[in-house]
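Structure first, then comments.
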Amino acid sequence: MFRLNGRQVSLLAVEELARERFEERGYVLVRIGKAPKRAVLLRTDTPFPKIVRNGPNRARR
């Protein structure tokens with residue numbers, strides 16, 4: 001899952017990139033939360049540990 005939060009134009013660009021890259025492999029599901037938040041949901045064949053990446057102005061979890 002890509003959790004996105006930012007400017008609407010940037011969010012739409014990331015969503016479009018995900019569709020271009022992954023749509024041929026199956027559905028690209030987008031969950032839209034309280035504006036402007038959204039998440040792009042993806043599935044893998046084998047599970048992997050959680051990966052957390054934060055922007056330059058956020059504390060690392």
Side-chain angles (χ1 to χ4, degrees):
M1 169 173 54
F2 295 110
R3 290 175 52 189
L4 307 172
N5 183 11
R7 296 177 184 218
Q8 186 69 18
V9 175
S10 300
L11 297 176
L12 294 175
V14 171
E15 181 182 333
E16 184 62 29
L17 179 65
R19 288 186 187 282
E20 289 173 7
R21 178 128 189 201
F22 300 114
E23 198 161 41
E24 65 199 30
R25 298 179 187 175
Y27 296 107
V28 175
L29 302 174
V30 177
R31 178 189 175 275
I32 300 174
K34 188 173 180 181
K37 295 183 180 183
R38 56 182 65 208
V40 178
L41 308 171
L42 303 170
R43 181 179 219 161
T44 63
D45 292 332
T46 54
F48 57 89
K50 182 177 179 179
I51 300 170
V52 176
R53 299 284 186 254
N54 291 315
N57 297 327
R58 302 184 95 176
R60 187 168 179 88
R61 293 185 209 179

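All values derive from a computational prediction rather than experimental measurement.
- Partners of R21 according to the side-chain hydrogen bond (donor to acceptor under 3.5 Å, both in side chains) rule, which considers only residues two or more places apart in sequence or in another chain, do not exist here.
- E23 pairs by the side-chain contact (heavy atoms from CB on, under 4.5 Å) definition with R19, V28, not counting sequence neighbours.
- Checked against side-chain contact (heavy atoms from CB on, under 4.5 Å), F48 has the following partners two or more places apart in sequence or in another chain: T44, I51.
- There is a path of hydrophobic side-chain contacts, each under 4.5 Å, that joins V40 to F22.
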